[in-house]
Amino acid sequence: DVKVTQSSRYLVKRTGEKVFLECVQDMDHENMFWYRQDPGLGLRLIYFSYDVKMKEKGDIPEGYSVSREKKERFSLILESASTNQTSMYLCASSPGTGGKQYFGPGTRLTVT
Amino acid sequence: DAKTTQPNSMESNEEEPVHLPCNHSTISGTDYIHWYRQLPSQGPEYVIHGLTSNVNNRMASLAIAEDRKSSTLILHRATLRDAAVYYCILKKNYGGSQGNLIFGKGTKLSVKP
(Lines give C-alpha, C1' and ligand atoms only; values in the text may rest on other atoms or scores of the structure.)
Protein backbone atom coordinates (compact mmCIF):
# COMPACT_ATOMS: atom_id res chain seq x y z
CA ASP A 1 0.00 0.00 0.00
CA VAL A 2 1.13 3.53 -0.76
CA LYS A 3 2.10 5.36 2.34
CA VAL A 4 2.23 9.12 2.74
CA THR A 5 3.28 10.18 6.19
CA GLN A 6 3.35 13.60 7.78
CA SER A 7 5.65 14.47 10.64
CA SER A 8 2.98 15.54 13.13
CA ARG A 9 -0.79 15.16 13.51
CA TYR A 10 -1.06 18.21 15.76
CA LEU A 11 1.25 21.18 16.12
CA VAL A 12 1.01 24.38 18.14
CA LYS A 13 3.33 27.25 17.31
CA ARG A 14 3.63 30.90 18.27
CA THR A 15 3.26 33.85 15.94
CA GLY A 16 6.55 34.64 14.23
CA GLU A 17 8.06 31.18 14.63
CA LYS A 18 9.53 29.32 11.67
CA VAL A 19 7.57 26.14 11.10
CA PHE A 20 8.55 23.05 9.14
CA LEU A 21 5.97 20.49 8.02
CA GLU A 22 7.49 17.32 6.63
CA CYS A 23 5.94 14.83 4.24
CA VAL A 24 7.41 11.52 3.13
CA GLN A 25 6.08 9.06 0.54
CA ASP A 26 7.33 5.55 -0.08
CA MET A 27 6.12 4.88 -3.64
CA ASP A 28 8.79 6.66 -5.67
CA HIS A 29 6.21 9.18 -6.90
CA GLU A 30 7.42 12.09 -8.97
CA ASN A 31 4.66 14.51 -7.93
CA MET A 32 4.09 15.86 -4.44
CA PHE A 33 1.60 18.45 -3.22
CA TRP A 34 0.80 20.60 -0.20
CA TYR A 35 -2.77 21.70 0.47
CA ARG A 36 -4.48 23.50 3.29
CA GLN A 37 -8.06 22.86 4.29
CA ASP A 38 -10.29 25.37 6.04
CA PRO A 39 -13.99 25.19 6.90
CA GLY A 40 -16.08 26.63 4.09
CA LEU A 41 -13.10 26.99 1.76
CA GLY A 42 -12.29 23.35 1.06
CA LEU A 43 -8.87 22.14 -0.01
CA ARG A 44 -6.61 24.70 -1.64
CA LEU A 45 -3.30 23.97 -3.29
CA ILE A 46 -0.31 25.79 -1.80
CA TYR A 47 2.66 24.38 -3.72
CA PHE A 48 3.49 21.33 -5.74
CA SER A 49 6.55 19.66 -7.14
CA TYR A 50 6.92 17.24 -10.01
CA ASP A 51 10.58 16.50 -9.63
CA VAL A 52 13.39 16.82 -7.14
CA LYS A 53 14.38 20.46 -6.67
CA MET A 54 11.42 21.56 -8.81
CA LYS A 55 8.52 23.49 -7.34
CA GLU A 56 5.57 25.41 -8.60
CA LYS A 57 3.17 27.76 -6.88
CA GLY A 58 -0.37 26.64 -6.38
CA ASP A 59 -3.35 28.86 -5.69
CA ILE A 60 -2.28 30.29 -2.32
CA PRO A 61 1.54 30.30 -2.00
CA GLU A 62 1.85 33.58 -0.08
CA GLY A 63 3.54 33.12 3.28
CA TYR A 64 4.84 29.65 2.42
CA SER A 65 7.88 28.11 0.80
CA VAL A 66 8.78 24.49 0.02
CA SER A 67 11.81 22.30 -0.33
CA ARG A 68 12.30 19.07 -2.21
CA GLU A 69 15.88 17.84 -1.92
CA LYS A 70 15.01 14.15 -2.19
CA LYS A 71 12.33 12.47 -4.24
CA GLU A 72 10.51 11.00 -1.27
CA ARG A 73 10.40 14.12 0.89
CA PHE A 74 8.55 17.41 0.44
CA SER A 75 8.71 20.05 3.13
CA LEU A 76 6.42 23.01 3.66
CA ILE A 77 7.96 25.99 5.44
CA LEU A 78 6.21 28.84 7.16
CA GLU A 79 8.97 31.44 7.45
CA SER A 80 7.13 33.49 10.08
CA ALA A 81 3.93 31.85 11.24
CA SER A 82 0.84 34.00 11.57
CA THR A 83 -2.54 33.26 13.12
CA ASN A 84 -4.21 33.15 9.69
CA GLN A 85 -2.08 30.12 8.90
CA THR A 86 -3.92 28.10 11.52
CA SER A 87 -5.32 25.29 9.41
CA MET A 88 -5.26 21.61 8.46
CA TYR A 89 -2.31 20.90 6.16
CA LEU A 90 -2.47 17.92 3.83
CA CYS A 91 0.32 16.42 1.79
CA ALA A 92 -0.24 14.19 -1.25
CA SER A 93 1.78 12.36 -3.87
CA SER A 94 1.05 10.92 -7.29
CA PRO A 95 2.96 9.21 -10.08
CA GLY A 96 4.47 11.34 -12.82
CA THR A 97 1.80 10.51 -15.37
CA GLY A 98 -0.77 12.41 -13.36
CA GLY A 99 -2.57 9.46 -11.80
CA LYS A 100 -4.51 9.38 -8.60
CA GLN A 101 -3.24 11.26 -5.59
CA TYR A 102 -2.50 9.62 -2.27
CA PHE A 103 -2.97 11.80 0.78
CA GLY A 104 -1.37 11.81 4.18
CA PRO A 105 -3.40 12.02 7.38
CA GLY A 106 -2.91 15.76 7.75
CA THR A 107 -1.29 18.08 10.29
CA ARG A 108 -3.54 20.36 12.28
CA LEU A 109 -1.47 23.47 12.91
CA THR A 110 -2.52 26.07 15.43
CA VAL A 111 -0.66 29.38 15.53
CA THR A 112 -1.25 31.39 18.70
CA ASP B 1 -11.07 25.15 -15.39
CA ALA B 2 -14.16 22.99 -15.83
CA LYS B 3 -16.32 23.08 -12.73
CA THR B 4 -18.54 20.55 -11.01
CA THR B 5 -21.77 21.02 -9.09
CA GLN B 6 -22.77 18.72 -6.25
CA PRO B 7 -25.47 18.87 -3.58
CA ASN B 8 -24.15 20.14 -0.28
CA SER B 9 -25.43 17.17 1.69
CA MET B 10 -27.28 13.88 1.38
CA GLU B 11 -28.62 11.32 3.80
CA SER B 12 -28.83 7.59 3.45
CA ASN B 13 -29.88 4.61 5.50
CA GLU B 14 -27.39 1.91 6.31
CA GLU B 15 -27.31 -1.00 3.85
CA GLU B 16 -29.24 0.92 1.20
CA PRO B 17 -27.78 2.11 -2.12
CA VAL B 18 -26.66 5.70 -2.41
CA HIS B 19 -26.52 7.72 -5.61
CA LEU B 20 -24.35 10.82 -5.40
CA PRO B 21 -24.87 13.14 -8.39
CA CYS B 22 -22.41 15.49 -10.03
CA ASN B 23 -23.02 17.96 -12.85
CA HIS B 24 -20.18 19.04 -15.10
CA SER B 25 -21.75 20.66 -18.12
CA THR B 26 -18.51 22.35 -19.28
CA ILE B 27 -16.46 19.15 -19.31
CA SER B 28 -13.90 18.90 -22.10
CA GLY B 29 -12.87 15.85 -24.05
CA THR B 30 -9.63 15.45 -22.11
CA ASP B 31 -11.25 15.64 -18.65
CA TYR B 32 -11.50 12.49 -16.59
CA ILE B 33 -14.14 12.35 -13.86
CA HIS B 34 -12.54 11.54 -10.52
CA TRP B 35 -14.19 10.91 -7.18
CA TYR B 36 -12.43 11.25 -3.86
CA ARG B 37 -13.86 11.03 -0.38
CA GLN B 38 -12.71 12.37 2.95
CA LEU B 39 -13.61 10.58 6.13
CA PRO B 40 -13.70 12.64 9.34
CA SER B 41 -10.22 13.60 10.57
CA GLN B 42 -8.48 11.97 7.61
CA GLY B 43 -6.96 13.03 4.31
CA PRO B 44 -8.97 12.48 1.12
CA GLU B 45 -8.81 9.08 -0.52
CA TYR B 46 -9.33 8.10 -4.12
CA VAL B 47 -12.58 6.29 -4.89
CA ILE B 48 -12.92 5.85 -8.63
CA HIS B 49 -12.49 7.58 -11.96
CA GLY B 50 -13.67 7.25 -15.55
CA LEU B 51 -13.70 8.91 -18.93
CA THR B 52 -16.72 7.74 -20.92
CA SER B 53 -17.76 4.26 -19.90
CA ASN B 54 -19.24 3.22 -16.59
CA VAL B 55 -16.68 1.90 -14.14
CA ASN B 56 -16.83 -0.49 -11.20
CA ASN B 57 -14.35 -1.22 -8.45
CA ARG B 58 -14.50 -2.69 -4.97
CA MET B 59 -15.51 0.62 -3.43
CA ALA B 60 -18.14 1.96 -5.80
CA SER B 61 -19.52 2.29 -9.31
CA LEU B 62 -19.38 5.34 -11.53
CA ALA B 63 -22.16 5.94 -14.03
CA ILE B 64 -21.35 8.54 -16.68
CA ALA B 65 -24.05 10.13 -18.82
CA GLU B 66 -23.76 9.63 -22.55
CA ASP B 67 -23.09 13.35 -23.15
CA ARG B 68 -20.65 13.32 -20.17
CA LYS B 69 -22.28 16.39 -18.65
CA SER B 70 -23.17 14.55 -15.49
CA SER B 71 -22.14 11.49 -13.53
CA THR B 72 -23.29 9.53 -10.50
CA LEU B 73 -21.24 7.78 -7.87
CA ILE B 74 -23.05 4.70 -6.63
CA LEU B 75 -22.38 3.07 -3.28
CA HIS B 76 -24.23 -0.20 -3.51
CA ARG B 77 -24.78 -0.76 0.21
CA ALA B 78 -23.96 2.17 2.43
CA THR B 79 -22.26 1.44 5.73
CA LEU B 80 -21.65 3.79 8.63
CA ARG B 81 -18.03 3.90 7.51
CA ASP B 82 -19.12 5.53 4.24
CA ALA B 83 -20.14 8.73 6.03
CA ALA B 84 -17.77 11.26 4.48
CA VAL B 85 -17.49 14.24 2.16
CA TYR B 86 -17.47 13.08 -1.46
CA TYR B 87 -15.72 15.19 -4.06
CA CYS B 88 -16.37 15.02 -7.79
CA ILE B 89 -13.38 16.44 -9.67
CA LEU B 90 -12.53 16.88 -13.33
CA LYS B 91 -8.92 16.08 -13.99
CA LYS B 92 -6.79 15.93 -17.06
CA ASN B 93 -4.60 12.85 -17.35
CA TYR B 94 -1.41 14.81 -17.66
CA GLY B 95 1.61 15.17 -15.49
CA GLY B 96 2.59 18.59 -14.23
CA SER B 97 0.19 21.35 -13.32
CA GLN B 98 -2.40 20.45 -15.93
CA GLY B 99 -3.10 17.24 -14.08
CA ASN B 100 -3.71 18.86 -10.70
CA LEU B 101 -6.88 18.21 -8.71
CA ILE B 102 -9.17 21.14 -7.99
CA PHE B 103 -11.41 20.39 -5.03
CA GLY B 104 -14.86 21.92 -4.70
CA LYS B 105 -17.08 21.80 -1.62
CA GLY B 106 -18.24 18.23 -2.17
CA THR B 107 -21.29 16.42 -0.82
CA LYS B 108 -21.43 15.53 2.84
CA LEU B 109 -23.00 12.07 3.10
CA SER B 110 -24.61 11.05 6.37
CA VAL B 111 -25.52 7.40 6.94
CA LYS B 112 -28.19 6.54 9.47
CA PRO B 113 -28.19 3.19 11.24
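By convention in this document, chain letters (A, B, ...) are assigned in the order of the sequence lines, proteins followed by strands, and residues within each chain are numbered from 1.
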### Message
To the nearest 0.5 Å, what is the distance between NZ on B:K91 and CD on A:Q101?
### Response
7.0 Å

### Side chain, backbone, both or neither of A:L90 within contact of chain B (heavy atoms, under 4.5 Å)
side chain

### Query
Do other residues, nucleotides or ligands put more than 12 heavy atoms under 6.0 Å from the CG atom of B:N8?
no

### Query
If you draw a 6.0 Å radius around NZ in A:K71, do more than 12 non-hydrogen atoms from other residues or ligands fall strictly inside?
yes

### Query
Is A:I60 linked to A:L76 within one hydrophobic cluster, defined over Ile, Leu, Val, Met, Phe, Trp and Tyr using a side-chain heavy-atom separation of less than 4.5 Å?
yes

### Message
Quick check on A:R108: does its CZ atom have over 12 non-hydrogen neighbours (other residues, nucleotides or ligands) under 6.0 Å away?
### Response
no

### Task
Name the region of A:Q6, side chain, backbone, both or neither, that has any atom closer than 4.5 Å to a heavy atom of chain B.
neither

### Query
Hey, any chance A:V12 and A:M88 share a hydrophobic cluster, counting ILVMFWY side chains that come within less than 4.5 Å of each other, even indirectly?
no

### Task
Would you please go through residues 47-85 of chain B and name the residues with a non-hydrogen atom below 4.5 Å from one of chain A, in numerical order?
none

#### Entry: Residues that B:Y87 engages under ring pair (Phe, Tyr, Trp, His ring centres under 6.0 Å), provided they are two or more places apart
B:F103

### Message
With a 4.5 Å cut-off on side-chain heavy atoms, are B:Q42 and A:F103 touching?
### Response
no

### Query
Hey, any chance B:I89 and A:W34 share a hydrophobic cluster, counting ILVMFWY side chains that come within less than 4.5 Å of each other, even indirectly?
no

### Message
For residues A:Y102 and A:L21: do they belong to one hydrophobic cluster (side chain heavy atoms under 4.5 Å, members Ile, Leu, Val, Met, Phe, Trp, Tyr)?
### Response
no

### Query
Do B:L101 and A:Y35 come within less than 4.5 Å of each other through their side chains, counting heavy atoms only?
yes

### Query
Relative to chain B, which of A:C91, A:P105, A:S49 shows the most heavy atom pairs under 4.5 Å?
A:P105

### Same apolar cluster: A:I46 and A:L11, side chain cutoff 4.5 Å
yes

### Message
Please classify the contact between A:R9 and chain B as side chain, backbone, both or neither, with a heavy-atom cut-off of under 4.5 Å.
### Response
side chain

